[in-house]
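Let me begin by presenting the structure, written as structure tokens, before commenting on it.
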Amino acid sequence: MGEAVYASGPFVMNTRAEIEQAYRDFHSGKFGSIPRALRHVIHERGAVSGIRQPG
């Protein structure tokens, strides 16, 4: 039998515990941060919401 794969949001891991740790790491800032001056640019381009605007 194959091994289990767990997915939640942007994370795909081997166990639910790894998913939970990934969310803790994300919310604590371990994955880095987006400088405040660039947040509006990234959001306008759809990178944060995942939706691309026409044009």
By side-chain hydrogen bond (donor to acceptor under 3.5 Å, both in side chains), which residues pair with [X], not counting sequence neighbours?
X	result
Glu18	none
Tyr6	none
Asn14	none
Thr15	none

Task: Tyr23 vs Pro10 side-chain heavy atoms within contact, under 4.5 Å - done: yes
Task: Plane angle bin for Phe11 and Phe26 - parallel if under 30°, tilted between 30 and 60°, otherwise perpendicular - done: perpendicular
- [ ] Using the rule that two of Ile, Leu, Val, Met, Phe, Trp, Tyr join whenever any of their side-chain heavy atoms come within less than 4.5 Å, decide whether Ile19 and Phe31 are in one cluster.
- [x]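 Same cluster: Ile19 reaches Phe31 through Ile, Leu, Val, Met, Phe, Trp or Tyr contacts under 4.5 Å.
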Open item on the list: Just verifying a value: how many Å separate Ser8 OG and Met13 CE, rounded to the nearest 0.5 Å?
Closed with: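 If I round to the nearest 0.5 Å, the distance is 10.0 Å.
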